2 protein chains.
Amino acid sequence: MSVQGNMFIGGRAVHGTNGRIQGFDPKINEKLEPSFGLATCEDADEACVLAAGAFQLFRKTSASQRADLLRLIADNIMALGDTLIERGMKETGLPAARLEGERARTANQLRLFADVIQDGSWQDVRIDTALPDRQPLPRPFLGVRKIPLGPVVVFGSSNFPLAFSVAGGDTASALAAGCPVIVKGHSAHPGVSELIGRCIVDALAELNFHPGTFSLVFGSGNEIGQHLVSHPEIKAVGFTGSQSGGTALMSLAQQREEPIPVYAEMSSINPVVFMPASLAAQTASLAEQFYASLMMGAGQFCTNPGLVIALKSDALTHFKQHMSKLMEGNCAGSMLTPSIFSSYCENKSALINSPEVNLITQGHSEGHNACEPAFVEVEASDFIKDRALHREVFGSFSMLVVCNSEQEALDVLGSLEGQLTGTIHYSENDDQTFAQQLIDTMELKVGRILFNGFPTGVEVSTAMVHGGPYPSTSNSQTTSVGSMAIERFVRPVCYQNVPNTLLPPEIKPNNPLSIPRHIDGEPEKR
Amino acid sequence: MSVQGNMFIGGRAVHGTNGRIQGFDPKINEKLEPSFGLATCEDADEACVLAAGAFQLFRKTSASQRADLLRLIADNIMALGDTLIERGMKETGLPAARLEGERARTANQLRLFADVIQDGSWQDVRIDTALPDRQPLPRPFLGVRKIPLGPVVVFGSSNFPLAFSVAGGDTASALAAGCPVIVKGHSAHPGVSELIGRCIVDALAELNFHPGTFSLVFGSGNEIGQHLVSHPEIKAVGFTGSQSGGTALMSLAQQREEPIPVYAEMSSINPVVFMPASLAAQTASLAEQFYASLMMGAGQFCTNPGLVIALKSDALTHFKQHMSKLMEGNCAGSMLTPSIFSSYCENKSALINSPEVNLITQGHSEGHNACEPAFVEVEASDFIKDRALHREVFGSFSMLVVCNSEQEALDVLGSLEGQLTGTIHYSENDDQTFAQQLIDTMELKVGRILFNGFPTGVEVSTAMVHGGPYPSTSNSQTTSVGSMAIERFVRPVCYQNVPNTLLPPEIKPNNPLSIPRHIDGEPEKR
């Protein structure tokens, strides 16, 4: 399979006619062949209408049928072999090992959702049995299951060309739920997008699904994305990207005649607290681990540790010295695109040039679009006062907030906007009451609290929350990673006194699908 | 206990100073004593700040503590005895039996949520055990539980002075979740609101909860409600009322610096389909049941059967004749307020005077603010074309849509906006394929499908969905009635590698709360 420069509209490979883009190798600053044609609004409309038609069939497929589809997509992706990795390296500047790891994660994610829907507990089926003799009124039979919302638009992200893109977590969970998907492919990796899109199109064809179940379109600027989100057949949106992009979609989706949910994962600076004893006991090791987390992928992660909170101490002075030694002269590698690189430089400079900010250390920039990492510091009182210091710098940049007391550290946490993660480094010699206060404060600010690690690295599993209060996401009540992500794309429907022959199988009294259910509030014996 | 004309701000009885309102007896068209002082924005701010303070404690109370609170509120409401019913009859014009039934439902609803939180499965606790030896990377320990969002503003509805008002479903589910509540009391029943508010305030005091856990304010117009929804300490909104009111709150909540979820239950015309054999076999009985559902409470229900869909037939002609006989000369009783009555008259007239609409029958208006019921008909093709015919008329009004074919009936359903309920009257002699098509079409339009009954009467239980696609609610993924309603006010937080001593009890490995959990995707043995 090779890259042709095509989109897919309901199974049909299409070379768009609304201008063109090309992939770009950020390491050598050169465009990649071939060029990709961009979608017209008519192309987008066609994808939406096809998705609406496909939805009528797709929503009635069984969990096993959709599980087969997800597993075949995973197999097709793995079967692309080096073609995918090589194109990915060119389009992103990321090393092979990172892309191979991300590919495994993407395939496992598809297989996880296959398992999730076959298990059936995601439907949260509940039955209240009829009580015909109840006084003063009989109780009817009631059963509730989850049904898919309808066609979903997914915006591929720049920083995870596989795991948060064409067949990433949003697509996997939406397809698992029974929602057709239209992906707006990210222009930073059109070739990878086409290769992955082909895997989905082929899997749908092989298993005889309606071709409208999936489309992939490209567009420059915001026009096509906005057109898709505004289309009346679209019932939900998944997005991973900037706060400005996410909030624009949120507001567009609310202005529709029928408002729809937007699940946007946006910005986060991911506070990391070093508690005193923990920092003192392992200063050098923590500096090394923190440095590794900060430099990984040139810091282009939503979970990059962009904020460090610590009390003034000798250990903290040593930590800064270690960091300087580690970072000096080192480059974090080329960034994903020239525009991400220039934003990084601009945002970093603005912070470094703030009067309250001192530069602790910075690295070195080597080659095209290469991220010069930086670690800066600021006093807690200044940080709390100046919201401009809270902004995310997407890349290998982090800010140390130096606190004079435990209370000041809590106040710094309390001053933050919503975040995806919060990290605490703690040892048994640290004050447990302070640790508890840190957790209490973090709970109200983040979706995931982690101890003695770093926030980069997001497990795809049943208990993961990759979400958090606004503006880290648009909806703190959901996650975009892990099996709970499917809940974003379903809604409950209750069936009251529906005759047995007409009941959906999930709710039939004899439980023909043998799925976990609750009857009158108690787990059903199976 | 008697009605004093007070609000409650964090436990303190306050006579507002920002103008005044009085209760009003719609049956005799007279104001009721005493007058109620209205809240200033400063009063509202004080309630919000108190709620934020209370939240820090309330969110850490145990499920058993909050269950005790909910049960004591229920007991206090029952202990009001006739004082409540008598005041309610005056303020609403509703009969004693209806208010007694609603009181029982309200108390049972509070007790249901007490049971729900003590059971613990609402937290959907999931644990992924650590896999330290996994290759290429170890898996950390991950556990997720639900935490409350924060202070919630609840707007009492006019039509359920108890079950959807001060201590109604929104308040019960928010308190159950651990969220302090500020109720904006409905001006249609300030006396009932004060009596119920006092039950909550007293229960909080008796059980030593922070008084900021609950406030009740009154305000005229939209100022106080908007001020509350805009306050940065407020984290979610529950609303039952008109579409214009609900959408205004949705848009206000989205424009905040931190957007928050609005759970608004708005308008619905609740289609009822009579399938041919069912209608033919029991024409008179169906007319009687339909008439009873339509006339109940002067049709002032979100689930009022405002739309009937049937195929042209002799049975349908007989059905209309029966309806005429039943309705002629009868009055549906006084409506809740003069303004609901005048809206009813205005909206009914607009539809009756539409050129496509024929009046089948109408009743009689007798006394003050008394609802003159009406049943009208329209051709399916006209109904599909003219969206103005789809509007809700709040009261005992219903529109028959006459169809020439099964397909036309499906098209009528397909043309509707989102609805709370859809009803199908079906007998074994009806076409099962057509019944299945009706279900398939309804599933995409409603939150609850019911057979051989009428949509008024909403069971408060584990499987109920009182929700549906926009504009019946602002969020089709939730319900405002039944135990799932608690999910609106919580969000997941994941704990990764948190030491055992610092883990919340829900996630501690030994399951000290003995709640249902999933470990590595499987139900935990208990």
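Everything numeric here is computed off the predicted structure, so don't read it as measured data. Here is how names work: the chains are called A, B, and so on, in the same order as the sequence lines, proteins then strands, and each is numbered from 1.
Ranked by heavy-atom pairs under 4.5 Å with chain B, the list A/L149, A/I260, A/I424 is led by A/L149. Heavy-atom pairs under 4.5 Å with chain A peak, among B/P469, B/G101, B/A435, B/G453, at B/P469. The most heavy-atom pairs under 4.5 Å with chain A, out of B/E417, B/H518, B/K60, come from B/K60. Of the listed residues (A/E428, A/R59, A/K235, A/E258), the greatest number of heavy-atom pairs within a distance under 4.5 Å of chain B belongs to A/R59. The candidate from B/T462, B/T421, B/T478, B/L450 with the greatest count of non-hydrogen atom pairs under 4.5 Å with chain A is B/T462. Comparing B/P259, B/G143, B/P148, B/G521 by how many heavy-atom pairs each has under 4.5 Å with chain A, the most go to B/P259. Contact count against chain B (heavy-atom pairs under 4.5 Å) is highest for A/V465 among A/V465, A/L137, A/D119, A/V116. When each of B/P523, B/P471, B/S476, B/G457 is scored by its heavy-atom pairs under 4.5 Å with chain A, the top score falls to B/S476.
For B/P261, the part lying under 4.5 angstrom from a heavy atom of chain A is the side chain only. With a 4.5 angstrom heavy-atom cutoff, B/L502 touches chain A via backbone and side-chain atoms both. With a threshold of 4.5 angstrom between heavy atoms, B/V446 approaches chain A through N, CA, C or O but not through any side-chain atom. Heavy atoms closer than 4.5 Å to chain A are found in the backbone of B/R488, but not in its side chain. Neither the backbone nor the side chain of B/F141 comes within contact range of chain A; no heavy atoms are under 4.5 Å apart.
Residues of residues 436-445 of chain B lying under 4.5 angstrom from chain A, judged on non-hydrogen atoms, are B/Q436, B/I439, B/D440, B/E443, B/L444, B/K445 in numerical order. Identified by a heavy-atom distance below 4.5 Å to chain A, the contributing residues of residues 490-497 of chain B are B/V490, B/R491, B/P492, B/V493, B/C494, B/Y495, B/Q496, B/N497, in residue-number order. Residues of residues 246-257 of chain A lying within less than 4.5 angstrom of chain B, judged on heavy atoms, are A/M250, A/Q254, A/E257 in numerical order.
For B/F58, the ring-ring contact (aromatic ring centres under 6.0 Å, His included) criterion is met by B/F209, not counting sequence neighbours.
Across all their heavy atoms, A/L142 and B/A463 have their closest contact at O-CB, 3.7 Å.
A 4.5 Å side-chain heavy-atom check between A/E459 and B/D128 finds every atom pair outside the cut-off. Proximity of A/S483 to B/R126: side-chain heavy atoms (C-beta onward) are separated by under 4.5 Å at one or more points. When side chains are defined from C-beta on, B/Q432 counts as touching A/T501, because their heavy atoms get closer than 4.5 Å.
Taking CD from A/Q477 and CG from B/N475, the interatomic distance works out to 8.0 Å, rounded to the nearest 0.5 Å.
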